[in-house]
Amino acid sequence: MRIFSKRAFKFDHPAGQEPAVIVKSHSFADVPDWVAKSAMFHLASGVGEVSIIETKQDEKSAEAKTKGRGGRQKADDEDKKADGEENAPNVADETE
């Protein structure tokens, strides 16, 4: 089974019969099928931190999302510019 992980995780075998599988942050990994049955996988996939990659399209979509990481700050900055807040005085800097 191929997965994409947004964060580093350690997946323990549900029955403890095999060594744990560790995946790195923002990476693809080929993992044993039992990983999908682990508690950590259920939690991580439930919040969108891990996803199963079944097709090339899934892989391309995950790659595109990784290239865009860190884009939230840029989007916030663009929102401020649009609202005219970029050059607005900082209230905390004002003294009476």
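Of the inter-residue distances, the one linking M1 atom CE with D30 atom CG reads 10.0 Å to the nearest 0.5 angstrom. The distance from atom CD of Q57 to atom NZ of K60, rounded to the nearest 0.5 Å, is 6.5 Å. Atom CD in E49 sits 7.5 Å away from atom OG in S5 (nearest 0.5 Å). To the nearest 0.5 Å, the span separating NZ on K37 from NE2 on H42 amounts to 9.0 Å.
For R2, the CZ atom sits in a packed shell: over 12 heavy atoms of surrounding residues, nucleotides or ligands are nearer than 6.0 Å.
The ring-ring contact (aromatic ring centres under 6.0 Å, His included) check on H13 picks up W34, with sequence neighbours excluded.
Relative orientation of the F28 and F4 rings is tilted, given thresholds of 30° and 60° on the angle between their planes.
The same ILVMFWY cluster, assembled from side-chain heavy atoms under 4.5 Å apart, contains both I52 and F9. Cluster annotation: V31 and I53 are assigned to distinct hydrophobic clusters (Ile/Leu/Val/Met/Phe/Trp/Tyr, side-chain heavy-atom contacts under 4.5 Å, transitive).
The shortest non-hydrogen separation linking D12 to S38 is O-CB, 3.3 Å.
In this structure the side chain of V50 reaches within 4.5 angstrom of the side chain of F11, judged on heavy atoms.
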